[in-house]
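The structure appears right after this line, and notes come after that.
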Amino acid sequence: TKYLWDQAFIWGSILSSFLQGVILGAYIQGIQTTNGIFSGSGLDWLTPFALFTGLGVVAMYAALGCGWLIMKTDHELQDQMYGLMPKLIILLFVIFAGVSLYTPLTHPEIAARWFALPNLLYFSPVPILVLLFTFLILKACKQRQELKPFIYTLALVFLAFTGFVISLWPNIIPPSVTIWQAAAPHSSQKFALVGALILIPIIIAYTIMSYWVFRDKVRVGDTGYH
């Protein structure tokens with residue numbers, strides 16, 4: 001029974017991560033609209049790029065999980081993660097490069113934004129920092145530093161989403177529907193804001209508390225980890 005539950009969690013996590021990436025890839029490649037109304041087909045999302053992006057999100061989550069296990073475990077499991085982390089980071093870097101090449105090649109408006117001056121000067125720190133943090137993660141694993149692989153991988157994820165926002169802004173439904181055109185009425189936004197102001201501090205508080213309670217390493221024999 002335990003084995004079956006383990007397999008269910010493993011493959012359920014992989015599938016949900018993969019589908020998140022497929023949705024992201026379909027979003028990047030654009031949604032067909034006519035006068036702001038969806039006019040595509042139900043299978044527009046099923047493209048090689050969307051599937052490639054799905055694999056990228058799985059690799060991204062796997063790298064984050066690997067960095068987390070380096071930080072939270074020791075001995076044999078930690079040694080295995082130190083060996084796996086560089087492979088995942090190199091794979092993630094290749095996927096980032098593939099997405100970065102595909103996006104301007106298929107969206108001329110994004111290419112014009114990236115490579116026109118002075119935008120090129122403003123956006124150039126993103127790929128430079130991706131290279132830097134990739135190198136730092138590989139170095140941290142080689143030196144067997146426990147905290148840095150996870151922190152640096154978080155920085156890579158932040159840079160990836162920063163590049164994503166920079167590329168598509170101000171379109172919330174690419175390639176042509178802006179965030180202002182798709183925005184809800186002001187009354188709905190105000191209603192949602194009230195709820196967010198109440199709930200977000202609560203979520204932040206219990207998230208910090210849970211991380212604090214489980215702040216130490218997980219070791220064989222610890223109560224609650226059998």
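Below, all heavy atoms of this structure are taken into account, side chains as well, without hydrogens, waters or symmetry copies. For the single chain, residues carry numbers from 1 onward in sequence order.
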Do V194 and L199 share a hydrophobic cluster (ILVMFWY, side-chain heavy atoms under 4.5 Å, transitive)?
no
May I have all residue pairs that pass ring-ring contact (aromatic ring centres under 6.0 Å, His included) and include part of residues 155-178, sequence neighbours excluded?
Y27-F164, W169-W180
Looking only at heavy atoms, what is the nearest atom pair of L92 and G56, with distance?
CD1-O, 3.8 Å
Apply side chain to side chain donor-acceptor pair (under 3.5 Å) to E146 and list each qualifying residue two or more places apart in sequence or on a separate chain.
Q78, K217
Any side-chain heavy-atom pair of T53 and Q29 under 4.5 Å:
no
Is the shortest side-chain heavy-atom distance between M81 and L88 below 4.5 Å?
no
I would like to know whether M60 and V157 meet side chain to side chain contact (heavy atoms under 4.5 Å, CB included); could you show each step before the answer?
CA-CA 8 Å; M60 181 182 72; V157 174; 3.6 Å; yes
Hydrophobic cluster membership, F135 vs I151, 4.5 Å side-chain cutoff
yes
Roughly how far, to the nearest 0.5 Å, is CD1 of I28 from OG1 of T47?
10.5 Å
Could you give the distance from CG (L69) to CG (D74), rounded to the nearest 0.5 Å?
11.5 Å
Are F214 and M209 connected into the same hydrophobic cluster when the rule is that any two of I, L, V, M, F, W, Y join if their side-chain heavy atoms are below 4.5 Å apart?
yes
Nearest atoms (heavy-atom pairs only) where G67 meets M85:
N-SD, 3.7 Å
Mind checking what makes side chain to side chain donor-acceptor pair (under 3.5 Å) contact with Q143, not counting sequence neighbours?
Q145
Could you tell me whether the side chain of V130 reaches within less than 4.5 Å of the side chain of F93, counting heavy atoms only?
yes
Could you tell me which residues satisfy ring-ring contact (aromatic ring centres under 6.0 Å, His included) with W11, sequence neighbours excluded, listed by chain and number?
none
Other residues, nucleotides, ligands: >12 heavy atoms within 6.0 Å of W45 CH2:
no
Looking only at heavy atoms, which two atoms of A26 and A50 are closest? And how far apart?
N-CB, 4.0 Å
Only pairs at least two apart or in different chains count here, so list each side chain to side chain donor-acceptor pair (under 3.5 Å) that has a residue in residues 187-212.
none
For residues I89 and L55: do they belong to one hydrophobic cluster (side chain heavy atoms under 4.5 Å, members Ile, Leu, Val, Met, Phe, Trp, Tyr)?
no
Nearest 0.5 Å, please: how far is CD1 in I90 from CD1 in I95?
12.5 Å
F150 side chain near L64 side chain, heavy-atom distance below 4.5 Å
yes
Does atom NZ of K72 have more than 12 heavy-atom neighbours, drawn from other residues, nucleotides or ligands, at distances under 6.0 Å?
yes
Within one Ile-Leu-Val-Met-Phe-Trp-Tyr cluster: L131 and L159, side-chain cutoff 4.5 Å:
yes
With a 4.5 Å limit on heavy-atom distance, are the side chains of L156 and I137 in contact?
yes
Taking the side chain as C-beta and beyond, is there a heavy-atom pair between F49 and V99 under 4.5 Å?
yes
Which pair of non-hydrogen atoms, one from V57 and one from G21, has the smallest distance, and what is that distance?
CG2-CA, 3.3 Å
Residues at least two apart in sequence or cross-chain that pass ring-ring contact (aromatic ring centres under 6.0 Å, His included) with F133, listed by chain then number, are Y152
